[in-house]
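What follows is a single structure, written as structure tokens, with notes after it.
Source: prediction; values computed, not measured. Quick note: residue numbers are just sequence positions, from 1.
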Amino acid sequence: MKEEMEKLISLQQIDSEISGFDQAISKCEDGIVKREQAIEEKQEKLSVLRAKIERLAEKQQENQNEYEEASARVKDRQNKMLLVQTSREHQALLKEIEENKKLAKETEERALQFIEQLEQLEGDAANLENLCKGEQELLTEAQQKSSKEIRKLNASKKSVEGERAAKAAAVQAAHMQRYNKLILKRSGLAVVAVQNSVCLGCHMTLPPQQVNEVMKGDKLNICPTCQRILYFKEPEEVQEEAPLAE
């Protein structure tokens, strides 16, 4: 049984190494995804800004048309003043002229506001566009670097997976079946050490009798709490497994 336990311990070490490769690959991929999402968010903001600019430009044009129409009416009514015969007609034209002059002045003031608003929005859009461009360039560099790193990690992982297959074939079928179930159920950690009477998988204290049995190594010992396979090493030789969710 001691020889079988050594095989299981060795297999767990290999699977932990493979898990490390997977985590490193995932970290590379997540970094790229986060960069892509950040760029997408900025591009969405840029689209919103451009839509605002377009709507404001339309309003600006409407305001310009209103100004030109008011100015044209002022000129038209001034020309008609030369032809009127009665005081009543004269007063009516004067009133129209004053109303349209007032309207023209209001549209001129609005035009200045439109110009200021458009300049602000266009400046914001230009800054955001430059920011997107810069981040896109950084993303391209990161993608190339990440792709190279992932290829390297996958090559190393493939090599270790070949070693795993050979070691797994040497483990008894029943033990391998239990091991594989634990790997899936216990977040990749099926075989753990016992230190100071504590299971380093779930960190629960074991009964003294079971600790003695683990130390003997005459049979396959299972943690009563997390059902992981247990083995014993001297305290100075134990490297505590990272805490995992049950």
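Side chain to side chain, Ser16 and Gln13 fail the donor-acceptor criterion of an N or O pair below 3.5 Å. No hydrogens or angles considered: a donor-acceptor pair under 3.5 Å links the side chains of Asn65 and Gln61. In this structure, a donor-acceptor pair under 3.5 Å is absent between the side chains of Gln117 and Gln113. Using a 3.5 Å distance cut-off with no hydrogens or angles, the side chains of Tyr231 and Asn221 do not pair a donor with an acceptor.
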Verdict with supporting geometry, Leu94 and Gln91, side chain to side chain contact (heavy atoms under 4.5 Å, CB included): CA-CA 5 Å; Leu94 281 176; Gln91 291 298 322; 4.3 Å; yes

Stepwise side chain to side chain contact (heavy atoms under 4.5 Å, CB included) test for Lys101 and Lys105: CA-CA 6 Å; Lys101 281 183 176 181; Lys105 184 178 181 180; over 6 Å; no

Verdict with supporting geometry, Glu99 and Lys95, side chain to side chain contact (heavy atoms under 4.5 Å, CB included): CA-CA 6 Å; Glu99 289 175 348; Lys95 183 179 179 182; 3.3 Å; yes

Full working for side chain to side chain contact (heavy atoms under 4.5 Å, CB included) between Tyr179 and Val171: CA-CA 10 Å; Tyr179 176 89; Val171 177; over 6 Å; no

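Hydrophobic cluster membership is shared by Val160 and Ile25, with clusters built from Ile, Leu, Val, Met, Phe, Trp and Tyr side chains linked at under 4.5 angstrom.
We find the CD-CD1 distance between Gln120 and Ile115 to be 14.5 Å, quoted to the nearest 0.5 Å. Atom CD1 of Ile39 sits about 4.5 Å away from atom CG of Leu139, to the nearest 0.5 Å. Atom CE of residue Met215 and atom OG of residue Ser197 lie 9.0 Å apart, to the nearest 0.5 angstrom.
A distance-only check finds no donor-acceptor pair linking the side chain of Glu161 to the backbone of Ser156 [under 3.5 Å]. Remark: side-chain polar atoms of Gln12 are paired, donor with acceptor, to backbone N or O of Val191 under 3.5 angstrom. With hydrogens and angles disregarded, no donor-acceptor distance shorter than 3.5 Å links the side chain of Ser159 to the backbone of Ala155. For the pair Arg228 (side chain) and Leu189 (backbone), a donor-acceptor distance under 3.5 Å is present. Distance alone, capped at 3.5 Å, places no donor-acceptor pair between the Glu6 side chain and the Lys2 backbone. Listed for the Ser147 side chain is no donor-acceptor partner under 3.5 Å among the backbone atoms of Gln143. No donor-acceptor pair under 3.5 Å is formed between the side chain of Asn63 and the backbone N or O of Lys59. Looking at Lys7, its side chain does come within 3.5 Å of a backbone N or O of Ala170 through a donor-acceptor pair. Without hydrogens or angle criteria, Ser19 side chain to Asp15 main chain gives no donor-acceptor distance under 3.5 Å.
Heavy atoms only, all atoms of each residue included: Cys199 and Leu230 are closest at SG-CD2, 3.9 Å. Scanning all heavy atoms of the two residues, the minimum distance from Cys132 to Lys42 falls at SG-CB, 3.5 Å. Across all their heavy atoms, Glu4 and Gln172 have their closest contact at OE2-N, 2.8 Å. Ala24 and Leu153 make their closest contact through CB-CD1, 3.7 Å (heavy atoms, listed as atom of the first residue, atom of the second, distance). In plain terms, the two heavy atoms of Leu182 and Cys226 that are nearest each other are CD2-O, 4.3 Å. Closest of all the heavy-atom pairs between Val74 and Ile97 is CG2-O, 3.9 Å.
Residue Arg110 forms a side-chain contact (heavy atoms from CB on, under 4.5 Å) with just one option from Gln60, Glu62, Glu66, and that option is Glu66. Results of the side-chain contact (heavy atoms from CB on, under 4.5 Å) test with Arg35 over Leu138, Thr140, Asp30 single out Leu138 as the only residue that passes.
Legend: side chain to side chain donor-acceptor pair (under 3.5 Å) pairs involving residues 71-84, not counting sequence neighbours, sorted by first then second residue: Arg73-Asn100, Arg77-Glu96.
Legend: residues meeting side-chain hydrogen bond (donor to acceptor under 3.5 Å, both in side chains) with Glu149, ordered by chain and number and at least two apart, are absent.
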